[in-house]
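See structure below.
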Amino acid sequence: TTTVPGAVAPTRVLVVGDSVALTLGVGIAYSSPAQNLTVSNDGILGCGLLRGGQIWVVGVWSNVATNCQQWPARWDSDVSVTKPQVVIVR
């Protein structure tokens, strides 16, 4: 890797949460080169902070998916791997 003298390393951003986080992360990643950001996006459709219970999806109540209930461990791993300077939870 070549480093330009005086260049500032990109700010590391982690986006986590539900579908809103997912689409927000895509948008931030799209503009990341201009903003000097490195974006890691772990937003998952239908996976907010709720652990268990039901959510309203496409006009029907559905059980929260099992993988959604594991967000504390998944986000902890995300932080360990990406070492973000900024975390967006949505």
Side-chain angles (χ1 to χ4, degrees):
T1 303
T2 305
T3 304
V4 177
V8 177
T11 301
R12 295 179 307 277
V13 178
L14 172 62
V15 183
V16 295
D18 60 9
S19 59
V20 174
L22 178 66
T23 55
L24 177 64
V26 169
I28 293 171
Y30 179 78
S31 65
S32 65
Q35 304 300 323
N36 198 29
L37 304 173
T38 300
V39 180
S40 299
N41 188 351
D42 193 19
I44 299 177
L45 184 64
C47 288
L49 296 175
L50 186 63
R51 295 174 71 191
Q54 294 188 323
I55 57 174
W56 187 255
V57 180
V58 193
V60 182
W61 286 104
S62 301
N63 291 329
V64 172
T66 303
N67 68 320
C68 295
Q69 297 178 40
Q70 306 305 319
W71 65 262
R74 190 176 65 249
W75 294 359
D76 185 53
S77 175
D78 290 342
V79 169
S80 295
V81 171
T82 64
K83 299 187 180 6
Q85 296 162 294
V86 175
V87 177
I88 300 170
V89 179
R90 177 64 182 101

If every non-hydrogen atom of Asp78 is compared with every non-hydrogen atom of Thr82, which pair is closest and at what distance?
O-OG1, 2.7 Å
In the structure I gave you, are the side-chain heavy atoms of Val86 and Thr11 within less than 4.5 Å of one another anywhere?
yes
Using residues 13-20 as the side-chain source, report each donor-acceptor pair under 3.5 Å to any protein atom, sequence neighbours left out, with the distance given to one decimal.
from, atom 1, to, atom 2, distance (Å)
Asp18, OD1, Val20, N, 3.0
Asp18, OD1, Ala21, N, 3.4

Could you tabulate the donor-acceptor pairs under 3.5 Å formed by side-chain atoms of residues 61-72, not counting sequence neighbours?
from, atom 1, to, atom 2, distance (Å)
Asn63, OD1, Gln54, NE2, 3.2
Gln69, NE2, Val64, O, 3.4
Trp71, NE1, Leu49, O, 3.1

Drop me the distance from Ile88's CD1 to Ser40's OG, to the nearest 0.5 angstrom.
11.5 Å
Output for pair (Leu24 CG, Arg90 CZ), nearest 0.5 Å, gives 8.5 Å
Shortest non-hydrogen pair, Ser32 vs Val39, comes out as CB-CG2, 4.0 Å
Using the side chain to side chain contact (heavy atoms under 4.5 Å, CB included) criterion, which residues pair with Leu22? Sequence neighbours excluded.
Asn41
Please evaluate residues Val89 and Trp75 with respect to the criterion side-chain contact (heavy atoms from CB on, under 4.5 Å), reporting the C-alpha separation (whole Å), side-chain torsions for both, the decisive distance (0.1 Å), and the verdict.
CA-CA 10 Å; Val89 179; Trp75 294 359; 4.1 Å; yes
Enumerate the residue pairs fulfilling salt bridge (charged side-chain N to carboxylate O under 4.0 Å, His left out) with a member in residues 31-44, sequence neighbours excluded, ordered by first and then second residue.
Asp42-Arg74
The complete set of ring-ring contact (aromatic ring centres under 6.0 Å, His included) pairs with one or both residues in residues 8-28, sequence neighbours excluded, reads none
Looking at Arg12, I'd like to know if its CZ atom is crowded, meaning that more than 12 non-hydrogen atoms belonging to other residues, nucleotides or ligands lie closer than 6.0 Å.
yes
Going by the rule side chain to side chain contact (heavy atoms under 4.5 Å, CB included), which residues pair with Ser77 if we only count those two or more places apart in sequence or in a different chain?
Val81
Shared hydrophobic cluster for Leu45 and Val58 (ILVMFWY, side-chain gaps under 4.5 Å):
no
